[in-house]
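What's counted below: heavy atoms across the whole structure, side chains too, no hydrogens, waters or symmetry copies.
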There are 2 protein chains.
Amino acid sequence: MRLGSRSYSEGHLYRARFAVPLDDHPLIVKLSTFMKLTARDLESLEHIFEAEKPVKKGKDLVVDGKEYRNLGFVKDGYALRYKLLRNGKRQILNVLLPGDAIGFPVSFFERSTYSVVALTELKLNICSIDAYVGLCFERPQFGLALSWLAVKEAAIYAERIVDIGRRTPVERLVHFLLELHSRLLTVGLAEKNSFRLPISQEVIADSLGLSVPHLNRVMQHLRKESLISNNARVVEFFDIPALQTLAHYEPLVFAQIPLPMSGRA
Amino acid sequence: MRLGSRSYSEGHLYRARFAVPLDDHPLIVKLSTFMKLTARDLESLEHIFEAEKPVKKGKDLVVDGKEYRNLGFVKDGYALRYKLLRNGKRQILNVLLPGDAIGFPVSFFERSTYSVVALTELKLNICSIDAYVGLCFERPQFGLALSWLAVKEAAIYAERIVDIGRRTPVERLVHFLLELHSRLLTVGLAEKNSFRLPISQEVIADSLGLSVPHLNRVMQHLRKESLISNNARVVEFFDIPALQTLAHYEPLVFAQIPLPMSGRA
DNA sequence: GCCGCTCATTGATCTGGATTAATAAATGCG
DNA sequence: CGCATTTATTAATCCAGATCAATGAGCGGC
């Protein structure tokens with residue numbers, strides 16, 4: 001058995017020979033926002049993951065139409081979940097940040113209807129769905145944690161629907177930027193009023209259902225209004241409350257998983 | 001303790017005095033599409049639900065900005081999850097069908113950012129998040145089941161994003177109708193080529209980010225092309241393969257939860 | 001069977017944002 | 001450092017779909 005692989009049989013213990021250290025993993029930071037993770041929790045989690053996997057920029061991680069049956073979590077770097085249409089248009093569902101899962105929603109269906117591509121160099125931690133399910137039978141809180149993550153993903157999509165369906169392009173863009181900022185803050189990758197935005201305007205346009213020229217104009221408009229600046233792929237907010245109002249933005253605050261107090265945890 | 005209520009303490013058994021029969025519940029039908037439910041599973045589930053609750057048409061079930069901490073599942077009837085914007089526009093996220101959960105994604109956050117309203121008379125089965133979490137510690141497969149349901153919700157949203165962002169109005173409408181048909185088929189509420197569609201054109205327009213007049217025209221177009229008919233709120237498909245091609249529709253097939261074989265189940 | 005309401009349909013006008021095309025700037029790379 | 005490729009910006013045209021405004025049609029209630 002090579003380093004990082006695992007055995008899993010009949011719902012009992014499955015242990016990698018070597019644990020993969022996860023303690024400073026953005027996934028752990030994220031999970032900690034809605035549940036208490038004990039040392040034992042962490043240890044269990046570390047044993048179902050394979051060794052950290054480096055991925056080259058531009059690599060296809062999930063291909064539309066293919067099967068994918070893993071939960072991969074981004075340790076470092078950025079990726080895109082998107083769909084390419086027959087007419088050549090592209091709709092981006094989500095920009096995947098450190099701590100985000102590769103396998104939504106593909107791993108839960110027979111085959112994918114979306115693709116995922118690495119936008120930058122990536123470090124990934126991967127475990128199979130089988131291993132994760134096994135873990136859930138040992139430590140049920142992880143089944144719930146997965147639900148929480150899936151719901152958060154749904155909530156992000158929901159905002160995008162509202163953005164694209166009924167908000168003006170300015171509102172859309174601001175909302176999008178505020179959301180990215182908030183998500184990066186969660187995993188400690190943003191400043192209070194700014195963050196690195198390693199994505200082109202084309203990506204933003206394809207996220208928001210706009211054309212690139214129009215997105216560019218909206219961007220300029222925001223700069224002219226002195227609401228944001230963006231140089232060298234760094235976005236700075238000059239007046240967050242004003243932006244939040246403009247975009248009807250409401251921060252999403254996770255409720256805690258109401259874990260039982262008993263020795264079960 | 002009144003009928004249907006439950007006790008729940010310290011992560012141990014929580015039992016309603018009387019089980020609420022769920023065996024023909026559309027939720028159970030849905031769950032069965034991706035996991036094997038044993039008699040014991042069903043029994044456990046029946047004990048955390050309150051008695052079936054009738055709801056009047058037009059009743060607000062979840063209000064934007066308020067807290068909601070239950071998992072309610074529709075037994076019968078239809079509901080809408082939507083967001084009302086300051087400018088008076090409305091974006092509908094999802095039409096809730098029998099078997100669908102009321103509490104996505106609201107129950108997992110401090111407070112709701114969406115509203116849910118009963119579109120018709122409704123029958124609901126409700127349990128608290130706390131009770132459900134308790135159940136998951138007894139029977140971890142339900143934590144996973146919840147993940148599967150949440151992911152499905154996300155997948156529906158994802159399709160809506162692609163619809164609104166990059167598909168033409170005709171494609172959008174056809175996609176939307178095919179999806180509803182498929183979801184209703186799953187819970188046994190549609191015919192092979194037709195289904196009751198108890199929603200107004202305004203609802204469809206607000207789901208697809210279109211204006212009502214335009215939606216109406218698109219509808220007429222499809223009728224003129226003899227692709228669908230809709231009289232008296234019944235939609236009939238005349239050529240499903242052609243419609244699927246037209247809309248780039250790909251059915252979503254759940255992967256099974258890889259439950260362990262052992263006595264744990 | 002009449003009333004009132006909701007919902008579907010139609011038409012006329014107007015505009016936001018797409019499309020297309022070209023150029024400039026930036027970035028990475030050999 | 002200069003070249004190549006990607007990315008940002010600008011401008012001109014055009015049309016899909018919004019908006020606004022009526023009119024019909026269906027339906028439940030009494």
Side-chain angles (χ1 to χ4, degrees), chain A residues 56-58 78 80 85 87-92 95 117-121 163-174 176-177 196-224 228-235, chain B residues 56-58 78 80 85 87-92 95 117-121 162-174 176-177 196-224 228-236:
Chain A
K56 289 230 168 54
K57 174 175 170 174
Y78 298 81
L80 287 184
L85 300 182
N87 57 17
K89 298 191 179 198
R90 175 177 70 164
Q91 177 64 47
I92 291 170
V95 179
V117 65
L119 199 57
T120 64
E121 304 271 311
D163 277 347
I164 301 178
R166 293 296 188 210
R167 292 204 251 248
T168 67
V170 194
E171 290 166 354
R172 280 184 225 187
L173 175 56
V174 173
F176 179 80
L177 295 175
R196 267 207 89 237
L197 182 72
I199 64 182
S200 69
Q201 293 191 353
E202 189 181 8
V203 167
I204 303 181
D206 282 347
S207 296
L208 300 180
L210 295 170
S211 65
V212 173
H214 197 65
L215 176 79
N216 186 282
R217 269 175 217 117
V218 174
M219 208 82 167
Q220 288 178 49
H221 170 75
L222 287 175
R223 284 194 300 244
K224 251 175 281 182
I228 70 167
S229 78
N230 75 317
N231 296 313
R233 300 255 162 125
V234 171
V235 174
Chain B
K56 289 230 166 56
K57 176 177 168 172
Y78 299 81
L80 289 182
L85 301 182
N87 56 17
K89 300 193 178 195
R90 176 177 69 164
Q91 177 64 45
I92 291 170
V95 180
V117 65
L119 200 57
T120 65
E121 305 270 312
V162 177
D163 277 347
I164 302 178
R166 293 297 187 210
R167 292 205 251 248
T168 67
V170 193
E171 291 166 354
R172 281 184 227 189
L173 175 56
V174 172
F176 179 81
L177 294 175
R196 267 207 88 236
L197 182 71
I199 63 181
S200 69
Q201 293 192 351
E202 190 181 8
V203 167
I204 303 181
D206 282 347
S207 296
L208 301 180
L210 296 169
S211 66
V212 173
H214 197 66
L215 187 272
N216 184 282
R217 275 172 205 123
V218 174
M219 206 86 166
Q220 289 178 50
H221 170 75
L222 287 175
R223 283 193 303 244
K224 252 174 282 182
I228 70 166
S229 78
N230 76 317
N231 296 312
R233 302 256 161 123
V234 171
V235 173
E236 186 174 359

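- Under the 4.5 Å side-chain criterion, counting only non-hydrogen atoms from C-beta, B:Phe176 is in contact with B:Ile204.
- Across all their heavy atoms, A:Gly58 and A:Val117 have their closest contact at O-CG2, 3.5 Å.
- At whole-Å resolution of the value, CG in B:Asp206 and C1' in D:dT19 are 15 Å apart.
- Side-chain contact between A:Leu177 and A:Leu197 is present, with heavy atoms from C-beta onward closer than 4.5 Å.
- Atom CD of B:Glu171 and atom C1' of D:dG17 are 15 Å apart (whole Å).
- Each end of the helix from C:dG1-D:dC30 to C:dG30-D:dC1 gets its own axis, taken as the rotation carrying the C1' atoms of four end pairs onto the next four within a five-pair window, and the two axes meet at 60° to the nearest 10 degrees.
- Put simply, CG on A:Leu173 is 18 Å from P on C:dG16, counting in whole angstrom units.
- Here D:dT7 presents its P atom at 9 Å from CG of A:Leu119, a figure rounded to the nearest Å.
- Here the closest non-hydrogen pair linking B:Asn230 and B:Arg223 is OD1-NH1, 2.8 Å.
- Residues B:Leu80 and B:Arg90 form a side-chain contact, since some pair of their non-hydrogen atoms from C-beta on lies under 4.5 Å apart.
- Residue A:Leu210 comes nearest to A:His214 through the heavy atom pair CD2-CD2, 4.2 Å, listed as atom of the first residue, atom of the second, then distance.
- Between B:Ile92 and B:Val203, the shortest heavy-atom contact is CD1-O, 3.4 Å.
- Although no hydrogens or angles enter the test, the distance criterion places no donor-acceptor pair under 3.5 Å between the side chain of A:Arg167 and the main chain of A:Arg172.
- Counting all heavy atoms, side chain and backbone alike, A:Pro198 lies closest to A:Leu119 at O-CD2, 4.1 Å.
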Pairs under 3.5 angstrom, nitrogen or oxygen only, protein versus nucleotides 22-30 of chain D, please.
none

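- For the pair A:Lys57 and A:Leu210, both in contact range of DNA chain C, the more 5′-proximal nearest nucleotide belongs to A:Leu210.
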Between N or O atoms, less than 3.5 Å apart, protein on one side and nucleotides 8-10 of chain D on the other: list the pairs.
from, atom 1, to, atom 2, distance (Å)
D:dA8, OP2, A:Gln201, N, 2.7
D:dT9, OP1, A:Arg223, NH2, 3.1
D:dT9, OP2, A:Gln201, NE2, 2.8
D:dT9, OP2, A:Asn216, ND2, 2.7
D:dT9, O5', A:Asn216, ND2, 3.2
D:dT10, OP2, A:Gln220, OE1, 2.5
D:dT10, OP2, A:Gln220, NE2, 2.7

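- In this structure a side-chain-to-backbone donor-acceptor pair under 3.5 Å is missing from A:Arg166 to B:Gln91.
- One interatomic measurement links the two molecules: NE2 of A:His221 to P of C:dG17, which rounds to 12 Å at whole-angstrom precision.
- Closest approach of B:Gly165 to A:Ile164, counting heavy atoms only: CA-CG2, 3.7 Å.
- Separating the CG atom of B:Leu208 from the P atom of D:dA16 is a distance of 19 Å, rounded to the nearest angstrom.
- Here D:dT7 presents its P atom at 12 Å from CD1 of A:Ile204, a figure rounded to the nearest Å.
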